[in-house]
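Before any comments, here is the structure.
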Amino acid sequence: MSTEITLTRPDDWHLHLRDRAMLQAVLPETARHFARAIIMPNLVPPVVKGADAAAYRERILKAIPEGMDFDPLMTLYLTEDTDAADVAAAHASGLVKAVKLYPAGATTNSHSGVRDFDKVRPVLEKMAEIGLPLCVHGEVTDPAVDIFDREAVFIDRVLDPVRRATPGLRVVMEHITTANGVDYVKSNATDLGATITTHHLIINRNHILVGGIKPHYYCLPVAKREAHRLALRAAAASGDVRFFLGTDSAPHTDENKESACGCAGCFTATNTMSILAHVFEEENALGRLEAFTSLNGPTFYRLPANGSKITLRKRENAIEYPKKIISGEGPVTVFDPGFPLFWSVVA
Ligand code: NCD
Ligand code: ZN
């Protein structure tokens, strides 16, 4: 059995870095292993214009520790007032690699998102024309729809109609959590990809709720039934070019998570590669880990794969990793997969 694997250096196609003290604390956790990441724009206030993204990129670059290499791939937060010409200019300059669609109210800092999809039609049409991907938080916000059904309903009510109305629009379904999401991506040959998080390969909804409520397992979209988790694992481990890693690593302080109204988000940057090696080994798919973490994402985003490599080694004894990251805003709990990890990045 192989105890060492070498991969093209991975990228994270969905990451929350936040700003200020939190950015400072969490950025090294990603930059240690990942060459690039698609940076989510849901700051307060959000990253809406090209100029906002340029300024945020500068703040991220300043926070990279000495000796680490990291290329933040910037996104714009789509609002009903977004100007198609500003988006096109930010793309043409090479600054912006995607636009993020949050249905208003769907998740953390999404209140400036979209309510009326007709209002963003000109922007979507421009994006289709220039080949700029739309990253979609795929959940409806209709209070009448059960939270566990919101992804499946979004596909039928919003995503499919928007894609049909905008031929050529390239869409990433972000952090899919259901077999419905997997099937929808598979039934579309072109212009559609999906990111899968680390934690949705590990937890189902029982992990959040059985034996006491576990705020550190609460994220959006919320983890679903076991059958859905198994569908996500099969998709990730299949090597299918349309599925790639987007950790959705989303730091919140313990104070904000362990609360009567806890924030959504799992912080997985620290141990993602160890967990993924564990999962892919269990799936007898270690040979396809590189496709998921390092090759399929660049193919979708029409970027070259990274030139450098990383090596992971499996140890005899469980590895140690920090249980919390200490930020200037307070401690952030690292995602606990609930079992010991044996793989670690060694080079
Ligand atoms: C994200 C966050 O905290 O910004 N939270 C989460 O549960 N995933 C927002 C998001 O991606 O939905
Ligand atoms: Zn996210």
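Just so we're clear, the structure is a prediction, and the values are computed from it rather than from any experiment. Each residue takes its place number in the sequence, starting with 1. Quick note: numbers below take in every heavy atom, side chains included, and nothing from hydrogens, waters or symmetry partners. Order of appearance sets the numbers: ligands from 1, and atoms from 1 within every ligand.
- Using a 4.0 Å cutoff on heavy atoms, R18 counts as a contact of ligand 1.
- Scanning the protein heavy atoms around atom 12 (O) of ligand 1, the nearest turns out to be T107 OG1, 2.7 Å.
- Counting heavy atoms closer than 4.0 Å to ligand 1, residue A264 contributes atoms from both its backbone and its side chain.
- The closest approach of D248 to the Zn ion (ligand 2), by N/O/S atoms, is made by OD1.
- Without hydrogens or angle criteria, E290 side chain to T8 main chain gives a donor-acceptor distance under 3.5 Å.
- A donor-acceptor contact under 3.5 angstrom links the side chains of E281 and W343, judged on distance only.
- Against a heavy-atom cut-off of under 4.0 Å, H137 is close to the following atoms of ligand 1: 12 (O).
- Only the side chain of H175 comes within contact range of ligand 1, with a heavy atom under 4.0 Å; no backbone atom does.
- Ligand-side atoms of ligand 1 in range of C219: 7 (O), range being under 4.0 angstrom from any heavy atom.
- For the pair H252 and ligand 1, a heavy-atom separation below 4.0 Å is found.
- Ring-plane geometry between F244 and W13 is classed as perpendicular, the angle between the planes exceeding 60 degrees on a 0 to 90 degree scale with a lower cut at 30.
- Distances from the Zn ion (ligand 2) show that H175 has no N/O/S atom below 2.8 Å.
- Relative to the six-membered ring of F148, R205 meets both conditions, a distance below 6.0 Å and an angle of at most 45° to the axis.
- For atom 1 (C) of ligand 1, the closest heavy atom belonging to the protein is H16 NE2, 3.6 Å.
- Below 4.0 Å from some heavy atom of G265 lie the following atoms of ligand 1, by number and element: 5 (N), 6 (C), 7 (O).
- Both tests do not hold together for R9 against F34: distance to the six-membered ring centre under 6.0 Å, angle to the ring axis within 45°.
- With no hydrogens or angles considered, a side-chain donor-acceptor pair links T82 and T79 at under 3.5 Å.
- Atom NE2 is the N, O or S atom of H16 at the shortest distance from the Zn ion (ligand 2).
- Contacts between M40 and ligand 1 below 4.0 angstrom, taking non-hydrogen atoms only, are absent altogether.
- Neither the backbone nor the side chain of E139 comes within 4.0 Å of ligand 1, counting heavy atoms alone.
- In terms of polar-atom proximity, Y102 is not counted as a contact of ligand 1, lacking any N or O under 3.5 Å from an N or O of the ligand.
- Ring planes of H175 and H14: tilted class, angle from 30 to 60°.
- Near H14, the atoms of ligand 1 lying under 4.0 angstrom from a non-hydrogen atom of the residue are 11 (O).
- Among the candidates T166, L78, V123, T75, the single residue satisfying the side chain to side chain contact (heavy atoms under 4.5 Å, CB included) test with L134 is L78.
- At distances below 3.5 Å, at least one donor-acceptor pair connects side-chain atoms of D83 with backbone N or O atoms of A85.
- In this structure, H252 contributes its side chain and A264 its backbone to a donor-acceptor pair below 3.5 Å.
- Of the listed options N109, V222, D248, D248 places a heavy atom closest to atom 8 (N) of ligand 1.
- Here OG1 of T195 is found 10.5 Å from CZ of F243. Values are rounded to the nearest 0.5 Å.
- If you check which protein heavy atom lies closest to atom 7 (O) of ligand 1, you get L220 N, 2.8 Å.
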